[in-house]
Amino acid sequence: MTNIDLLDGLNPSQKQAVSHIDGPLLMLAGPGSGKTRVVTHRVGYMIQQGISPTSILALTFTNKAADEMRSRLHRLVGDVPVWMGTFHGFCVRLLRRYARLVGLPENFSIYDTDDALSVLKTALQAAQFSLTHVSLNTLAEKISFYKNRLVTPEQLQAEALSSDEHQISQIYPFYQQQLLKCGAVDFDDLLMHTAVMLRSSPALQAELDERFRYVMVDEYQDTNLAQYVILRHLCVRFPNLAATGDPDQSIYGWRGANLQNIAYLERDYPTVRIVRLEQNYRSTPEILAVADGLIQNNQYRKAKRLVPTRVPGTPVRLSVYATARREAEDIAEQIAAGVNAGQRHLRDYAVLYRTNAQSRLIEQGLQQRHMPYQVIGGYRFYLRREVKDLVAYLLLLNNPDDNVAFERVINTPPRGIGKQTLQKISQASLAQRLSMLAACRTMVAEKSLDKRALSGLTGFLKLFDTLSEYVHGSLVELIRTTIELTGYREYLAKQNSRDDRDADALANLDELLAEAADLDHSTDDGSPLESFLEYAALQGDLDKMQSDGDLVTLMTLHAAKGLEFPCVYIIALEENILPHQRSRDEPLGLEEERRLLFVGLTRAQDQLQLSYARRRGFRGQESPVIPSSFLMELPRDQMQRIDLSESSDEYSQDEFGVDDYNQAAPLWDDDPAQTVRATHDSHDYDTLDDVCQVAPDELDPHSINSTRSLMLASNLASTAANSSRYSPKLYCQGRIVCHPTYGSGRIIAASGLGPKRSVTVEFFSDGLRHTFRLSHVHLNIEEES
DNA sequence: ACTCGTAGCCTTTTT
DNA sequence: GGCTACGAGT
């Protein structure tokens, strides 16, 4: 690496940023400005200059960003021991070592949002707080808000001024106390405890300041006050703080992200060098013009340029559809056409939306055409019930004070311990100031319970003690033993025999074991159990995204930040969706929504389509929509508008008032002959199977495990679906099927995957519709004449 | 104590 | 439209 000139091939501002090593630095990096390149080159350059890699700390917002940075740096200069990770991960490591400074045990548990909610519930009881005027979620959000602002329970109690603050101050201390009792932290605590620790312990602050002489932060615009305080304390004697950010891409205000942090940086580090990266290497000028036109509408914004460097391409398109279903179908068809024409791969395409729920229709559209895809985000693996149950056993083994884990596992699988017994345990634990597990032990010793509960508890304690012996061994061994001794597999089978997520749940257990095996083998420092628990708590599905497979990518606009794709679709540009309804409550909400769309627009390299539907279903009810007000802010004269909604009824509203853009415009791809293929006849897509390398129908379900690491859970589902008698290919819209009692009919709707797949059939005999789960009813396919 | 049914919430976005 | 949490019934 010593001979590479890391300044080579950079533009002047990039060079400035890379070669600025000592002293504070703020990089205002627009989208597609080669920011990651600059950051990695900078680290490489620092190492070349003789700076020790272990004195460099690079913090990111997501695991995905950290991984990306790590692999780019690896390619550039090989393996170097630079600390790269998320804020939360960094805080966990610090807190594990210095936990006692903030009154935590070293083996503290990390609670996700669900766990935190159940802690809040117990806290409400302890505080005798009645939930008449606020919802649990609202309370949780408000507590989170204060934590992000570094307001401790004590401070809030002392300073509560408004009635709102007063209300929270009645519950927040109880919540925090409950967490401490469990030896647990929530996500916000990771930051808050660390910040408080650094602030109150000058010795530790000085030590870490010295240890991490060079600190870098990515996505600085998304940091909150707690994060700023952490950074500030790491950069006092050695103020070598390099922050990268783009105020126009700040989209986490709802999580306490504070754009003010940029101002704080300038205030606290007056000598800060500010470098602007404005050249855009990603997108065509057409795309940038639209993005720029939009973001200009933000009032609270520092003027910033988007300077195109690419040659002109195709215009940005705005498509209008009659319904959301048509929108999904047309997008799937367009992608199919692009792939069929040999111009594109499936991996070149991304469909972006505002809320996770909106992936469903797109998924259906792609499924009907047998096109593989990956959905990023949504339900996370570690949030699935069976996974959480097992992780709870591990949490309790690691931290016997963890009452949330205790309550989760004490009667899972059922062992005769019900509400009554649980209440007694809880009372005893409260009275004797013991953890619930410890309280159990005394109760069993005193035999102060009825026979059934007593035998159940005795069994549980014995189980726990047996499992405890495995804690320091291999993870796989521990998890496998837990599954065996609890009879969890049998429990699942019994649970699901009538429900039918059987296969899914069992597959998840295997997935869990596989992940454990990975961790067993990559034995880094510390106990494998704790690394696993940390991994389970802080790893999102986002990180599993694969960029090497050939798949269409579906994700939210938030998840798309930092990524780029040749072809991007942004759907549902409709009022109350984008901008989202709830953004109206916040005074700056609309501006953040606009930035969110800006992020989406600037993901596209070559082609970009925005769309809305005149009618869209919401909670089962389809109704007319109002086009997004953002559409009116775009430079329409430079865009191509295509109206594919055949009839405009009196409900439909046009985003431009008058329908004068309604000319029949050509589609994206230059060769019109190619686009003609995108018809509604689904038989055309059978040829796609070769192109897309869909798993064949007869795929052996057992082979799924071997390719496990390459596939997302969602993908597993669709592969499994193809492999079974629930194949979406067989049971799709339009098929004629025969039901044992109702006779013949046509499938008019289908949804779900695998054993969950259900179809709605309209029967020829009486015209009535019935919905079936394919796992319950066998429907014979009839050939159409 | 466990099972089944349904009412009500939900859906912003993530560590 | 789907999940979940709670309540009534066994």
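Reminder, nothing fancy here: chain letters follow the sequence lines and each chain counts from 1.
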From the options [options], select the nucleotide whose nearest atom is closest to the side chain of [X].
{"X": "A/L538", "options": "C/dG2, B/dT15, B/dA1", "value": "B/dT15"}
{"X": "A/K121", "options": "B/dT13, C/dC6, B/dT15", "value": "C/dC6"}
{"X": "A/Y252", "options": "B/dT14, B/dT15, B/dA1", "value": "B/dT14"}
{"X": "A/F618", "options": "B/dC2, C/dC6, B/dT11", "value": "B/dT11"}
{"X": "A/A559", "options": "C/dG2, B/dT14, B/dT11", "value": "B/dT14"}

I need the [atom1]-[atom2] distance between [X] and [N], as an integer number of Å.
{"X": "A/Q227", "N": "B/dT14", "atom1": "CD", "atom2": "P", "answer": "16 Å"}
{"X": "A/D188", "N": "B/dT15", "atom1": "CG", "atom2": "C1'", "answer": "9 Å"}
{"X": "A/R582", "N": "B/dT13", "atom1": "CZ", "atom2": "C1'", "answer": "10 Å"}
{"X": "A/H558", "N": "B/dT11", "atom1": "NE2", "atom2": "P", "answer": "15 Å"}
{"X": "A/L578", "N": "B/dT11", "atom1": "CG", "atom2": "P", "answer": "18 Å"}
{"X": "A/E141", "N": "B/dT11", "atom1": "CD", "atom2": "C1'", "answer": "12 Å"}
{"X": "A/Q581", "N": "B/dC10", "atom1": "CD", "atom2": "C1'", "answer": "13 Å"}
{"X": "A/L361", "N": "C/dG1", "atom1": "CG", "atom2": "C1'", "answer": "11 Å"}

- Side chains of A/Y111 and A/D189: do they bring a donor and an acceptor to under 3.5 Å? no
- Lys/Arg-Asp/Glu bridge criterion (N-O < 4.0 Å) met for A/R96, A/E534: no
Taking any heavy-atom pair under 4.0 Å as a contact, classify [X]: base, sugar-phosphate, or nothing.
{"X": "A/T113", "answer": "base"}
{"X": "A/F87", "answer": "nothing"}
{"X": "A/Q420", "answer": "sugar-phosphate"}

- Message: Does any part of the side chain of A/Q364, heavy atoms only, come nearer than 4.5 Å to the side chain of A/E329, both counted from C-beta?
- Response: no
- Is there a side-chain contact between A/V217 and A/F87 (heavy atoms, below 4.5 Å)? yes
For [N], does either OP1 or OP2 sit under 4.0 Å from a side-chain N or O belonging to [X]?
{"X": "A/N137", "N": "B/dC9", "value": "no"}
{"X": "A/T62", "N": "B/dT14", "value": "no"}
{"X": "A/N411", "N": "B/dA1", "value": "no"}

- Complement of B/dA7, any strand, by Watson-Crick or G-U distances under 3.5 angstrom: C/dT4
- Note on the structure: Judged by nearest nucleotide, the residue sitting upstream toward the 5' end of DNA chain B, A/A357 or A/T86, is A/A357
- Note on the structure: Assert: residue with more 5' nearest nucleotide on DNA chain B, out of A/G416 and A/T556, is A/G416
- Message: Less than 6.0 angstrom separating the ring centers of A/Y353 and A/Y569, yes or no?
- Response: no
- Item | A/N224 side chain to A/Q227 backbone, donor-acceptor under 3.5 Å | yes
